[in-house]
Participant: 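I am attaching a structure below and will ask some questions about it afterwards.
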Amino acid sequence: MSQHAPLIIDIAGTSLTKADRQRLQHPLVGGLILFARNWQDRAQLTALCRAIKKVRPDVLVCVDHEGGRVQRFKTDGFTHLPPMHVLGELWMADALQATNIATACGYVLASELRACGVDFSFTPVLDLDFGDSSVIGNRAFHRDPRVVSMLAKSLVHGLLQAGMGNCGKHFPGHGFVTADSHTAIPVDKRSLKAILADDAAPYGWLNTSLRSVMPAHVIYPKVDKRPAGFSEKWLQEILRGKLDFQGAIFSDDLSMAGARKIDGQDVSYTEAAIAALQAGCDLALLCNQSLGDGQELDALLAGLAEAQLKGLWHPDEASEARRQALLPVGPAPEWDALMTQPAYMQALWLVP
């Protein structure tokens, strides 16, 4: 088993710089997340992913590509996928057809990404649509956790058909709070019983389907004073123990406001990453710190390496196995071949 590589980092541009290559070669880096700024066209994206894999064949190339307003690549042939709320509306008209369409969306999403060399998308959103959250909004399938679970399972089936893993987010639920954890620390004052019966229910029902989970930067004070992504109670006792989840756990972006304060104290990115890993995350995500001179990224790499030497954080073989299990299965299609593939054409016809 190779060394546990828990960090997911980013790059600033549309091609790799010397500094990007050096960071990618760092043994603690296990993944790279792409954004719209890393996109010019399909040829460029394909060349970038190829260059990344040349440096580190085992690195997980990730993106937030859900559909609707969270879709990083939208031009040069990429299908505009609907927000997941559209699938929830279709469910109300014809439930079984909605599940079929959800599978088609997952297949199109994953096969187009894989044809350009991207391994993995942080999808599906399992948050419930309470109608009050601006950050979740129409990214959610539905208010009913049973509908969310069935549509998410169908979408995951489509991803799997194209050889791609999945990530249920944001555990145990971000839909009830109105604050945006990118800029604030939302607080959800409901009881554990209420959350498990409603928002967190899909995680139990989908524990054999989900390959990874991303916790919310939300504090649930009746359960723990720490946000879920830094809470051993949420991640180990509830997600792994009570809900029997066996896959990988990602931290949400450690640069978000919801991650910069733990136990009432302001923390550094390194301290946040250590806290996430100690709580039970297998992987820690730090976004948008490659912009400028990348000083924060280099500080995190050095800080986590030092923490390992001091015994503050211990590499974990099981965590590394879970990371590697997220890499795609089977060969990726060439884009031109994909465009005439019967399964893709059938799925494309179903996308709303």
Side-chain angles (χ1 to χ4, degrees), residues 3-10 26-31 33 62 122 167 169-174 177 179-188 192 200 203 212-241 245 247-289 295-320 322-323:
Q3 169 165 345
H4 180 196
L7 294 179
I8 312 289
I9 63 170
D10 65 348
H26 197 290
L28 293 179
V29 172
I33 181 167
C62 317
F122 292 103
C167 182
K169 60 187 188 184
H170 306 82
F171 175 79
H174 201 313
V177 291
D180 179 351
S181 53
H182 291 85
T183 54
I185 306 176
V187 177
D188 185 335
L192 175 60
Y203 293 90
S212 67
V213 161
M214 179 179 282
H217 286 326
V218 175
I219 296 174
Y220 308 84
K222 289 193 174 157
V223 182
D224 195 349
K225 62 182 179 179
R226 287 188 162 198
F230 303 106
S231 163
E232 201 173 322
K233 186 174 177 71
W234 274 117
L235 301 183
Q236 304 280 23
E237 196 179 310
I238 300 170
L239 182 59
R240 291 242 186 262
F245 174 67
I249 302 175
F250 286 90
S251 79
D252 203 344
D253 177 13
L254 297 176
S255 73
M256 289 162 60
R260 300 309 308 281
K261 201 179 273 281
I262 302 174
D263 301 335
Q265 302 290 315
D266 291 327
V267 295
S268 69
Y269 293 135
T270 299
E271 288 165 334
I274 293 166
L277 294 168
Q278 286 177 339
C281 287
D282 301 294
L283 298 147
L285 191 70
L286 182 63
C287 302
N288 302 318
Q289 300 309 307
Q295 220 175 337
E296 295 285 7
L297 269 182
D298 294 328
L300 173 61
L301 291 168
L304 196 59
E306 188 184 342
Q308 184 181 338
L309 288 173
K310 289 180 175 174
L312 297 173
W313 164 73
H314 300 285
D316 186 76
E317 281 196 10
S319 286
E320 179 60 16
R322 287 192 281 262
R323 182 191 75 83

Participant: Give, for atom SG of Cys287 and atom CG of Asp252, the distance between the pair rounded to the nearest 0.5 Å.
Facilitator: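 Spacing of SG (Cys287) from CG (Asp252) equals 8.0 Å.
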Participant: Roughly how far, to the nearest 0.5 Å, is the CZ atom of Phe171 from the CG atom of Leu235?
Facilitator: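 CZ of Phe171 is found 7.0 Å from CG of Leu235.
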Participant: Output the distance between atom CD (Glu237) and atom CG (Leu192), rounded to the nearest 0.5 Å.
Facilitator: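 Going from CD on Glu237 over to CG on Leu192, the span is 8.5 Å.
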Participant: With distance as the sole test, does His4 use its side chain to make a donor-acceptor pair with the main-chain N or O of Asp282 at under 3.5 Å?
Facilitator: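 The answer is yes, because a donor-acceptor pair under 3.5 Å joins these two groups.
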Participant: Quick check, are the ring centers of Phe122 and Phe250 under 6.0 angstrom apart?
Facilitator: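 Judged by ring-centre distance (under 6.0 Å), Phe122 and Phe250 do meet the cut-off.
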Participant: State, to 0.1 Å, how close Asp266 and Glu271 come at their nearest heavy-atom pair, and which atoms those are.
Facilitator: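 Distance-wise, the nearest heavy atoms are O-OE1, 4.4 Å.
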Participant: Heavy atoms only: give me the nearest Phe245-Arg240 pair and the separation to one decimal.
Facilitator: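 Heavy atoms of Phe245 and Arg240 come nearest at O-NH1, 3.0 Å.
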Participant: Quick one: does Gln3's side chain get under 4.5 Å of Leu28's, heavy atoms only?
Facilitator: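 Yes, side chains in contact.
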Participant: For the pair Asp10 (side chain) and Asn288 (backbone), establish whether a donor and an acceptor sit closer than 3.5 Å, ignoring hydrogens and angles.
Facilitator: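 Checking the backbone N and O of Asn288 against the side chain of Asp10, a donor-acceptor pair under 3.5 Å is found.
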Participant: Rounded to the nearest 0.5 Å, how far apart are NZ of Lys169 and NE2 of His174?
Facilitator: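 If I round to the nearest 0.5 Å, the distance is 11.0 Å.
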Participant: Within this structure, what is the CG-CD1 distance for the pair Leu300 and Ile9, rounded to the nearest 0.5 Å?
Facilitator: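 Here the interatomic distance stands at 8.5 Å.
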Participant: Going by the rule salt bridge (charged side-chain N to carboxylate O under 4.0 Å, His left out), which residues pair with Glu232 if we only count those two or more places apart in sequence or in a different chain?
Facilitator: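 In terms of salt bridge (charged side-chain N to carboxylate O under 4.0 Å, His left out), with neighbours along the sequence ignored, Glu232 is linked to no residue.
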Participant: Where the side chain of Gln278 meets the backbone of Leu312, is there a donor-acceptor pair that is under 3.5 Å apart?
Facilitator: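 The answer is yes, because a donor-acceptor pair under 3.5 Å joins these two groups.
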Participant: Would you check, one step at a time, whether the test side chain to side chain contact (heavy atoms under 4.5 Å, CB included) holds for Leu7 with Leu286?
Facilitator: CA-CA 8 Å; Leu7 294 179; Leu286 182 63; over 6 Å; no
Participant: For the residue pair Leu283 and Leu277, what are the closest heavy atoms and their distance?
Facilitator: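 Answer, listing the atom of Leu283 first, then Leu277: N-CD2, 4.3 Å.
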Participant: Who pairs with Asp224 by salt bridge (charged side-chain N to carboxylate O under 4.0 Å, His left out), at least two apart in sequence or on another chain?
Facilitator: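 Testing Asp224 for salt bridge (charged side-chain N to carboxylate O under 4.0 Å, His left out), a comparison that skips the adjacent residues, returns none.
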Participant: Search all heavy atoms of Pro27 against all heavy atoms of Ala5 and return the closest pair with its distance.
Facilitator: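 Scanning both residues completely, I find the closest heavy atoms to be O-CB, 3.4 Å.
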Participant: Look at the side chain of Ser251 and the backbone N and O of Leu285, then say whether any donor-acceptor pair between them is shorter than 3.5 Å.
Facilitator: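 Yes.
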Participant: Rounded to the nearest 0.5 Å, what's the gap from CD on Glu317 to CZ on Arg322? Could you check?
Facilitator: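 It comes to 11.5 Å.
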Participant: State, with a plain yes or no, whether a side-chain heavy atom of Trp313 is found less than 4.5 Å away from one of Pro6.
Facilitator: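 Trp313 reaches Pro6 side chain to side chain.
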Participant: Looking only at non-hydrogen atoms, find the nearest pair between Leu254 and Ala284 and report the distance.
Facilitator: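 Smallest interatomic distance, heavy atoms only, reads CD1-CB, 4.0 Å.
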Participant: Is there a side-chain contact between Val218 and Pro227, using heavy atoms and a 4.5 Å cut-off?
Facilitator: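 No. Closest side-chain heavy atoms not under 4.5 Å.
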Participant: Below 30° counts as parallel, above 60° as perpendicular, anything between as tilted: where do the rings of His217 and Phe230 land?
Facilitator: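 The rings of His217 and Phe230 lie parallel, inter-plane angle below 30°.
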Participant: Write down the atom of Ala299, the atom of Thr270, and the distance for their closest heavy-atom approach.
Facilitator: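 That closest heavy-atom pairing would be O-OG1, 3.6 Å.
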Participant: Counting N and O atoms only, with roles assigned by atom type, does the side chain of Asp263 sit under 3.5 Å from a partner on the main chain of Gln265, one being a donor and the other an acceptor?
Facilitator: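 Looks like no, no N/O pair under 3.5 Å.
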